[in-house]
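Here the structure is laid out as structure tokens; the discussion comes afterwards.
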Amino acid sequence: MNRIETSEESVGGGALRGLTVLDLSRVLAGPYCAQMLGDHGARVIKVEPPEGDMTREWGAAGKERISAYYAGLNRNKEHISIDLRSAEGQNLLLELLTDADVLIENFKAGTMDRWGMGPGVLLERFPRLVYCRVTGFGYDGPMGGLPGYDAVLQAFGGIMHMNGEADGGPVKVPMPVVDLTTGMLALSGVLLALHERSRSGRGQLVDLALLDSALSLLHPQAANYFLHGEEPRRIGTAHPNVAPYETFGGPENQLFVGGGNDRQFHALCEYLGDPGLADDPRFRTNAQRVSHRLELSGRVAQLMADIDLDEAAGSMLAHGIPASPVRPLPEVMEDPQVRHRRMVLDVGDYRVLGIPVKLARTPGAVVTPPRMLGADTRRTLADLGVPQARIEALIRGGVVHAEETPSTASGDGVDA
């Protein structure tokens, strides 16, 4: 097993090599954005309070306090711990910002301002800094400053109300889609600001709100509502604008089948042994099929009852018909195509999801696993030029937390 140093030089030769990111964020959206920057070569310094990111305790964590939740969002980072509530800790952060390109934070609105380090102050002091701020409902406005959580925004933003079976109640999407989307949009915003900085020489505030992210996910339901004024209804796995486009089969063995255009629908009817169905006046166009969705779904379900669903999935795709079995997670993680795309990787003792953005010339890499709280505090501060005596005094005073273990991590670096 290779010995991996958590330094800028060791995090691959990715597209963002040379970029320094301070990740002050907790939980999901901010850490996810920072991790993606690290995956592509940026030096990411995660700054945690002495008690650590709360997600270290979200699930079994062991002596190193690295839960599965934390591990999924905090690879390719240096892990330091500073008490930013103290004046000395805030001064230390200002020293870290001297050479930083990006700051990511998702504190409660007003916290950084109260510390004298809001975006206005920092962008004046560090004019090239890209300051990425994540809040729940935005910084101002009628609900500005209120805390936001993924499930709350799924409910508030209409996602939960539309999700579920037609005869059931609202259902939360099991993945934290609002937080994850916010992380991806934050990455986009940071890269946009960095690109603009290359022309102007100046950084700027990148402002993200979970509310905005939730609303950005409402296509095509929002577009349908704007056009027709009709409230969306829960329709299970079906699609509001395309038919057929849903699952068929029993509770334990389901197949998703789509007929997104007339050609695909004709191919499906041929495959199911009822080519005349495509010429039924009710089903000749997609608009007619959507208008007669229930009748069409009932007939397709009858035809599907006579075929082997496991065998049908692959052969339908070969015939140009969108189809897939509804698969459990363990099966997905062992799938040959998933492995071929390097979307399941091992780094050190951790198995992680791979990097979805594949760059041909400057690929990203998973190099360092998540680390113990304060594992890199001593070395990172020393790299900053902080004298060893001052580092030890800061540790004794509780301003920073540092583990006694050597600040190197074991792991096998894996390219995307």
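Every heavy atom of this structure was used, including side-chain atoms; hydrogens, water molecules and symmetry mates were not. Fair warning: this is a prediction, and the values are worked out from it, not measured in the lab.
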For [X] and [Y], indicate whether the former's side chain and the latter's backbone hold a donor-acceptor pair under 3.5 Å.
X: Q154; Y: V173; answer: yes
X: S297; Y: L294; answer: no
X: H292; Y: Q288; answer: yes
X: R289; Y: V242; answer: no
X: H40; Y: M36; answer: no
X: R293; Y: A243; answer: no
X: N163; Y: I159; answer: no

Taking the side chain as every heavy atom from C-beta outward, state whether L180 and Y32 have any pair of such atoms under 4.5 Å apart. yes
Between L255 and M316, is any pair of side-chain heavy atoms under 4.5 Å apart? yes
Identify the two heavy atoms, one from [X] and one from [Y], that lie closest to each other, and give their separation to 0.1 Å.
X: N74; Y: P31; value: OD1-CB, 4.0 Å
X: L194; Y: V130; value: CD2-CG2, 3.7 Å
X: G258; Y: I321; value: O-CG2, 3.8 Å
X: G18; Y: D101; value: O-OD2, 3.9 Å
X: L84; Y: F107; value: CD1-CZ, 4.2 Å

Under 3.5 Å, which donor-acceptor pairs do the side chains of residues 108-125 form with other protein atoms, sequence neighbours left out?
residue: T111; atom: OG1; partner: K108; partner atom: O; Å: 2.8
residue: D113; atom: OD2; partner: Y139; partner atom: OH; Å: 2.1

Say you draw a straight line from [atom1] of [X] to [atom2] of [Y]; how long is it, rounded to the nearest 0.5 Å?
X: D83; Y: H401; atom1: CG; atom2: NE2; value: 12.5 Å
X: L103; Y: I45; atom1: CG; atom2: CD1; value: 11.5 Å
X: R378; Y: E403; atom1: CZ; atom2: CD; value: 9.5 Å
X: E246; Y: Q254; atom1: CD; atom2: CD; value: 10.0 Å
X: R43; Y: L22; atom1: CZ; atom2: CG; value: 9.5 Å
X: Q35; Y: I355; atom1: CD; atom2: CD1; value: 8.5 Å

Would you call the rings of Y69 and W58 parallel, tilted or perpendicular if under 30° counts as parallel and over 60° as perpendicular? perpendicular
Report the residue from I391, I82, V47, I80 that forms a side chain to side chain contact (heavy atoms under 4.5 Å, CB included) with T377. I80
For N76, run the side chain to side chain contact (heavy atoms under 4.5 Å, CB included) check against V347, L37, T368 and tell me which one passes. T368
Should D53 and R26 count as an ion pair when the cut-off is N to O under 4.0 Å? no
With the threshold set at 4.0 Å, does a side-chain nitrogen-carboxylate oxygen contact exist between E51 and R85? yes
Within 6.0 Å of OH in Y245, more than 12 heavy atoms from elsewhere: no
Are more than 12 heavy atoms, taken from residues, nucleotides or ligands other than H239, located less than 6.0 Å from that residue's NE2 atom? yes
Is there a ring-ring contact (aromatic ring centres under 6.0 Å, His included) between F248 and F256 once you walk through the steps? CA-CA 6 Å; F248 298 93; F256 177 86; 8.5 Å; no
Looking only at side-chain N and O atoms, does T182 offer a donor or acceptor that is under 3.5 Å from a partner on S213? yes
Only one of R65, R56, K77, R371 passes salt bridge (charged side-chain N to carboxylate O under 4.0 Å, His left out) with E48, and that residue is R56
Has R75 got its NZ or CZ under 6.0 Å from the middle of the six-membered ring of Y350, at an angle within 45 degrees of the ring axis? no
